[in-house]
Amino acid sequence: MEAVEVFTSEGKGRGLKATKEFFAGDVIFAERAYAAVVFDSLTHLVCHTCFKRQAKLHRCGQCKFAYYCDRTCQRDAWANHKSECSAIKKHGKAPNENIRLAARIMWRIEREGGGLTEGCLVSIDDLQNHVESFGEEEKKELRLDVESFLEFWPSESQHLGMQCISHIFGVINCNGFTLSDQRGLQAVGVGIFPNLCLINHDCWPNCTVIFNNGKIELRALGKISPGNELSVSYIDFLNVSEERKRQLKKQYYFDCTCEHCQKGIKDDLLLAAKEGEEKPSPEAVKEAIQFSKDTLEKIDKARSEGVYHEVVKLCRECLKKQEAALGETNIYLLRILSIVSEVLSYLQFFEEAAGYAKRMVDAYMKLYHPNNAQLGMALMRAGVTHWHAGLIEAGHGMICKAYAVLLVTHGPTHPITKDLEAMRIQSEMELRMFQQNEFMYYKMREAALQNQTIQVMPEPTNEVAPGIFQRKQ
């Protein structure tokens, strides 16, 4: 942690600033979790030590709850799992993820004390909990969590006061960091990283955070000079400034004062109306946006029921309505384009999906920071869709752009970057073949597809992509 130092950030409280120069892709620091747990729904599918998804996991023979890749992961977990294992056996079942995380934090404090631990710039005791800002519903949930915790907490363990327990749940509520699987595509758990908690939010940040090989990495998105404050975005940028500010206030209890929110930068693009000779009236734009909101609710229902042909039908109807009124960067148009391209890819209508995906990423490139991880992942998915559709030139170009972004945001050793590098090499070989003999390329592609089942795209879900902080549900 010698590359950063704690300081008082004007209007924000504590923050971290750089003490040396960094460039795009540099790892500013890496940090292992103080405590972390797998989500309740995935406890039997994900290793409780390294958080990798595995086809075959070994179950703890004592509590029958925890799962591990192998004996190595099980041995590495024992210091954190020992007390948990005994408590689960005594309690009769494992409590929910928030109780389990709070208990793991408490057991570590019991073992090591509540002060600074090695490599940490701040103690758990000194992290913000925002309990005083809780509304009535949140206070009710906190009381229920405390009751459940006390039922689970072993009587032989250290006696804990209500204020101490409430503090830990408050810390989890606003500082729990989402852990993703080894490819970074699915949120699988939540953990507390004290140093990361010191980094303040900015809607247009100079850093990003990625979970890689059991630890988080804070990576620079561009040049950072000594003395510059380090920032990450707690939420996705793709929303108008007022909505982002509302979301941040509700989830993290602060008023965003970043330049993009204060000046409403890119709000005009995010709410763009169609341009051209026949400009739509304000009423037509308003009507199209309301129609989009209503359709998105119907789409959510159809997706949750797995009725994907109905999702496609709803999206096509909505796009027809939007085309007369909304601009290509309008967020409501982009939400529909994202859904329809994903679902059509899953249904293997790749050519139609590719058209929608291209419109989406063309708009994203006007809206997102050029080294935004969400942009990189969208480019990758669009590139793969074009590749499956036989549009090798456009597909290879998007894969190359995605690779350039992910080298910065994820780094060359991350599994998803390695996968993308393999795609880039393969698509480059196919592109050369295509450029040498287009007819022969398509004949060979057709023969290959007849002899080999094309890879099915992942099933669409309503699950939000892994973000920065996972607020307690």
Side-chain angles (χ1 to χ4, degrees), residues 32-49 51 57 59-60 62-68 74 77-112 114 123-125 127-131 133-180 187-194 196-197 251-252 469-473:
R32 293 199 178 274
Y34 185 87
V37 295
V38 176
F39 286 148
D40 295 336
S41 59
L42 298 170
T43 53
H44 61 298
L45 300 172
V46 174
C47 175
H48 289 218
T49 299
F51 294 87
L57 293 167
R59 187 168 70 167
C60 174
Q62 297 294 313
C63 65
K64 314 292 187 189
F65 171 74
Y67 286 79
Y68 304 100
Q74 189 167 10
W78 186 240
N80 291 316
H81 180 57
K82 182 179 179 181
S83 297
E84 176 186 67
C85 186
S86 174
I88 290 172
K89 284 193 294 180
K90 188 173 181 180
H91 190 58
K93 64 177 183 178
N96 69 44
E97 63 213 31
N98 298 299
I99 308 301
R100 288 188 285 118
L101 181 56
R104 282 196 165 209
I105 293 170
M106 295 297 195
W107 278 315
R108 183 160 179 183
I109 291 173
E110 191 176 67
R111 292 195 310 269
E112 301 176 4
S123 69
I124 294 292
D125 292 344
L127 290 176
Q128 288 288 327
N129 61 52
H130 294 289
V131 171
S133 302
F134 281 14
E136 285 306 312
E137 191 61 33
E138 289 169 313
K139 288 177 182 175
K140 181 181 176 182
E141 289 176 7
L142 175 61
R143 285 193 293 271
L144 291 173
D145 277 343
V146 171
E147 287 174 14
S148 298
F149 176 84
L150 290 171
E151 287 175 11
F152 177 66
W153 188 248
S155 56
E156 65 271 16
S157 290
Q158 180 181 332
H159 175 73
L160 300 167
M162 293 292 288
Q163 188 174 351
C164 175
I165 301 170
S166 297
H167 169 72
I168 295 300
F169 279 112
V171 168
I172 293 170
N173 188 58
C174 56
N175 289 299
F177 177 81
T178 304
L179 307 179
S180 60
V188 297
V190 60
I192 295 295
F193 297 81
L196 178 61
C197 294
Q251 286 191 229
Y252 305 106
F469 291 108
Q470 166 76 28
R471 189 165 189 247
K472 182 178 78 65
Q473 299 301 311

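The analysis underlying the following values was restricted to heavy atoms, covering all of them including side chains, and did not include hydrogens, waters or symmetry mates. The structure displayed is predicted, hence computed values, not measured ones.
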Check against side chain to side chain contact (heavy atoms under 4.5 Å, CB included), Glu156 and Lys90: CA-CA 12 Å; Glu156 65 271 16; Lys90 188 173 181 180; 3.3 Å; yes
Test side chain to side chain contact (heavy atoms under 4.5 Å, CB included) applied to Ile165 and Met106, step by step: CA-CA 9 Å; Ile165 301 170; Met106 295 297 195; 4.1 Å; yes
Separation between NE2 of His167 and CG of Asp125, rounded to the nearest 0.5 Å: 5.5 Å
Asn129 and Ser166: CA distance, side-chain angles, deciding distance, side chain to side chain contact (heavy atoms under 4.5 Å, CB included) verdict: CA-CA 8 Å; Asn129 61 52; Ser166 297; over 6 Å; no
Minimum side-chain heavy-atom gap Met162-Val146 below 4.5 Å: yes
Asn173 side, atom CG; Glu138 side, atom CD - distance, nearest 0.5 Å: 6.0 Å
4.5 Å side-chain heavy-atom contact, Cys60 and Cys85: yes
Pairwise distance CD1(Ile124) to CD(Glu112) - rounded to 0.5 angstrom: 10.5 Å
Expected output: side-chain Asp40 to main-chain Asn96 donor-acceptor under 3.5 Å: no
Side-chain heavy atoms of Tyr34 within contact of Ile105, under 4.5 Å: yes
Greater than 12 external heavy atoms within 6.0 Å of Gln163's CD: no
Lys140, NZ: over 12 other non-hydrogen atoms inside 6.0 angstrom: no
Beyond-backbone contact of Leu101 with Phe169, side-chain heavy atoms, under 4.5 angstrom: no
Over 12 non-hydrogen atoms of neighbours within 6.0 angstrom of NZ in Lys82: no
Inter-residue atom distance Phe39.CZ - Arg100.CZ, 0.5 Å rounding: 10.0 Å
Nearest heavy-atom neighbours spanning Phe51 and Gly189: CE2-CA, 4.5 Å
Parallel, tilted or perpendicular: rings of His48 and Tyr67 (30°, 60°): tilted
Residue pair Ala103 / Trp153: nearest heavy atoms and the distance that separates them: O-CZ3, 3.8 Å
Separation of Glu84 CD from Phe65 CZ (nearest 0.5 Å): 6.5 Å
Ring geometry between Trp78 and His81 (parallel below 30°, tilted from 30 to 60°, perpendicular above 60°): perpendicular
Criterion side chain to side chain contact (heavy atoms under 4.5 Å, CB included) on Phe152 and Ile88, from CA distance to verdict: CA-CA 8 Å; Phe152 177 66; Ile88 290 172; 4.0 Å; yes
Non-hydrogen atoms of Ile99 and Ser148 that approach each other most closely: CD1-CB, 3.8 Å
Sole candidate of Asn98, Leu144, Ile168, Leu160 that passes side chain to side chain contact (heavy atoms under 4.5 Å, CB included) when paired with Phe149: Leu160
Heavy-atom check, side chain of His130 versus side chain of Asn175, under 4.5 Å: no
Distance (rounded to the nearest 0.5 Å) between Ser133 OG and Tyr252 OH: 14.5 Å
